[in-house]
Asker: 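Submitted below is the structure of interest, expressed as structure tokens.
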Amino acid sequence: MKSIFFRKWYFWMCVLSTYFSLYAQKDYKLWLQYTPITNPETVANYWENVQNVISTENSETLNIARSELKEGLKSMLGDHFDISKKADNIIVLGSFKSLNEKMKNQLKYDFDKIKKDGFIIKTLIEKDLKTTVITAKNDIGVLYGVFNFLRLIQTNKSIEKLNIIDSPKTDIRILNHWDNLDGTVERGYAGSSIWNWQKLPEFIDQRYIDYARANASIGINGTVLNNVNANALILTPHYIEKVAALADTFRSYGIKVYLTARFSAPIEIGGLKTADPSNPEVIKWWKEKANELYKAIPDFGGFVVKANSEGQPGPQNYGKNHVDGANMLADVLAPHGGIVMWRAFVYSEHDANDRAKQAYSEFVPYDGKFKENVLVQVKNGPIDFQPREPFHPMFGAMTKTPLMIEFQITQEYLGFSTHLVFLPKLYEEVLQSDTFSEGKGATVAKIVSGKINDHVLSGMAGVANIGSDLNWCGHPFAQANWYGFGRLAWNPDLSADSIANEWLRMTFSNEENFVKPIQKLMLQSRETVVNYMTPLGLHHIMATNHHYGPGPWVSNLSRPEWNPTYYHKADANGIGFDRSDTGSRATAQYFPEIAKQFNDIKKCPETYLLWFHHLPWDYELKNGKTLWNGLALQYQQGVNEVHDMQATWNRMQAYVDETRFKEVQMLLKIQYEEAKWWRDACLLYFQQFSKKTLPDGVEKAAHNLNYYQSLQFPFAPGI
Ligand code: GCV
């Protein structure tokens, strides 16, 4: 009796655990779901073209490419491969040099068009024999080609007659992990760091491989493992060994490892008295460190450095400048082929000037002075990853220096991982901004891809949103931001629209009734968050330190530019930061065409109005409403839009597995509550100055201002 009961219990436990692990896997599998195609006709059509896979050579990367292709096809189309059978329609995988002469002849013109890491996917037809060739200049290009090919099937595209020739437009497509050695992640909202330093180097977590594979699938080719607020210990032998184990794991996926170098490391771990970049002992120490690193990791990528920024040490501590610091490190890395990514995120509490102007003022005079293997890494906007900022004026202003763009994928100022915000829309807005640095058409995208000034190096960095959470990113839709960053790093001219479309199809479903409304929701989501957090160009009004929730009233922090009041400048006369010619003149840092536009209240896009202008509460907006009414209505609109997002999602149950459906549903509920919190707290606070009533259509706050001001979140994640 007992044993029957036990067997039944055991049976159901197995069923349940399979059920849970299957669904849990969906969260974990990101956009590489390879969901089985259920329509037999579609399956048959695909099979017509992919009866077998043959590779022309072996290497670790090519073996990965082959098994990815086979497994992907098997999962989507069913297990029909018969390697022993001579198939008519095959896929040939291999680097160009390994193809037979006939194929080489057919492909040689295409081959000339691809660059390093690029690939060709081409259907060659001879009599009745159809061969799809996936080839490239190097093995990793073939792997990229395979992921591209699989994406076609994942997104329901035809593979009948392919002619795809694609190359990345940037060289360095890199994630910046702000991961600390103690396992915490600065601005991380998806659990703890995925690097298990204690178990490395012996223990290689399967997650590292899955991480590398996911990155390779979107073309990411580099990772900075540690926080830009760095601990020098990462450069000690104890950690280098662990870093090397990760580099070994990532290598066959085309991913190079980089580290943040703490500028004062020669003192902290080298026993020197100084870190002065001109000191011979310091230079010798860094040279030896570079030798040690390259001995352990022959393809080590190089260093990222946050110097003289937010309390981090740097060359200015010794009366030297950014060029002195960056070039010293560049010199020690150059013999090994390494690079330096020197961050331009600097602002000083001793500089009374507008914070938005400081990086430009400090860096632009150094243009042309950096060594060839230095890139200056510039955040997308001049303040700090706000829901909306104009593009950074440094883009276009340093023609002799390769500038990398740094985007934040993790949602520090964008509702953490509880808010659904599709960031490629933000990235696209910045990348497609015209700097006018070389006349019309000098977009940020062209500058960062090195096209405008013919730079040898180019790159895009994204602050990772990856953590130990089952779904990697803390929100099923936050995965789209990792995905979208990778796709844009590969091609900064891709549209957010197409990225959302392919991501949805790969991650959830190809059903049009699902894709259409959810794509629309994603594309609107960034504007929505701007509406309920920082409409009309407001910025940096988040609560102190953790940046969770609203805090426009904060004015007591030691550094003026850390206080939200510094940014909105609300008073009885109005609101906004005057950065025009009558104010800080930050507009003058842009090229004249843009400067003129931003400077003139009538021409300035209303999305940036309060970023550049301080305006009276009665100022008339383009829609005829007063500034106060327009502001209040925009906050309300943000709330309404989240409500609409909920309604749209609720109609999607039939297309999404239960786990992810519920996760998103619960998260949207939090987002809705928090959108209302933002609206109420901000409007109550600003109302003290405007002294105006709320316009019709704006809901009254649920609490008074004191209540919102009293909220404390000492354990908010990410700090
Ligand atoms: C890693 C902002 C963030 C900091 C971050 C810094 C930077 O100030 O709040 O957490 O530090 O940017 O990008 O260096």
Side-chain angles (χ1 to χ4, degrees), residues 174-190 193 223-232 234 258-264 303-314 316 322 325-326 341-349 351 355-356 358-359 362-363 375-387 389 392 394 403-417 423 430 460-467 485 533-534 539-549 551 554 557-564 566-567 713 716-719:
I174 195 167
L175 289 181
N176 284 193
H177 286 267
W178 286 357
D179 292 22
N180 300 312
L181 298 182
D182 64 2
T184 57
V185 181
E186 182 156 347
R187 311 309 178 186
Y189 313 107
S193 170
T223 177
V224 185
L225 300 176
N226 61 321
N227 191 353
V228 288
N229 293 329
N231 187 323
I234 193 82
Y258 299 72
L259 292 175
T260 298
R262 184 163 164 88
F263 204 76
S264 52
F303 293 138
V304 68
V305 184
K306 174 176 177 177
N308 296 117
S309 159
E310 299 187 327
Q312 295 298 305
Q316 291 171 355
H322 290 293
M341 292 166 281
W342 193 267
R343 294 178 88 228
F345 178 66
V346 293
Y347 60 98
S348 157
E349 71 263 48
D351 188 341
R355 169 174 167 185
Q358 293 183 25
E362 208 167 316
F363 273 85
L375 294 111
V376 172
Q377 185 168 315
V378 185
K379 285 192 181 181
N380 61 269
I383 296 287
D384 193 8
F385 299 137
Q386 296 303 295
E389 294 189 44
H392 204 302
M394 280 177 70
L403 298 188
M404 283 176 82
I405 194 163
E406 178 179 318
F407 285 120
Q408 201 176 39
I409 312 173
T410 190
Q411 291 171 237
E412 174 183 355
Y413 296 97
L414 283 133
F416 295 6
S417 60
L423 290 176
V430 177
M460 208 191 269
V463 181
N465 63 349
I466 297 163
F485 167 78
M533 282 190 187
T534 53
H539 51 287
H540 219 305
I541 55 172
M542 291 75 193
T544 301
N545 221 353
H546 47 60
H547 302 149
Y548 174 57
V554 177
L557 302 177
S558 58
R559 290 178 60 161
E561 75 291 349
W562 281 349
N563 289 306
Y566 170 94
Y567 297 96
F713 304 95
I719 37 170

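Every number for a ligand or one of its atoms is a count from 1 in the order of the listing. In this chain, numbering begins with 1 at the start of the sequence shown.
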Asker: Are a donor atom and an acceptor atom from the side chains of Asn176 and Gln377 found within less than 3.5 Å of each other?
Answerer: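 Yes, a side-chain donor-acceptor pair sits under 3.5 Å.
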Asker: Minimum heavy-atom separation for Met533 and Pro387, please, with both atom names.
Answerer: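 Looks like SD-CG, 4.2 Å.
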Asker: ring-ring contact (aromatic ring centres under 6.0 Å, His included) for His540 and Tyr413? Distances and angles first, verdict last.
Answerer: CA-CA 8 Å; His540 219 305; Tyr413 296 97; 5.4 Å; yes
Asker: Tell me the residues surrounding ligand 1, counting only those with a heavy atom closer than 4.0 angstrom, sorted by chain and number.
Answerer: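 Heavy-atom contacts below 4.0 Å: Trp178, Glu186, Arg187, Asn227, Val228, Asn229, Lys306, Glu310, Arg343, Phe345, Lys379, Asp384, Glu412, Tyr413, His547.
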Asker: Write down the atom of Ala464, the atom of Thr410, and the distance for their closest heavy-atom approach.
Answerer: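 Closest approach of Ala464 to Thr410: O-CB, 3.4 Å.
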Asker: Any side-chain donor-acceptor pair under 3.5 Å between Glu310 and Tyr347?
Answerer: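 Yes, side-chain donor-acceptor contact under 3.5 Å.
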Asker: Looking at every heavy atom in both Glu389 and Gln386, which two are closest together, and how far apart are they?
Answerer: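 Heavy-atom minimum between the residues: OE2-N, 2.9 Å.
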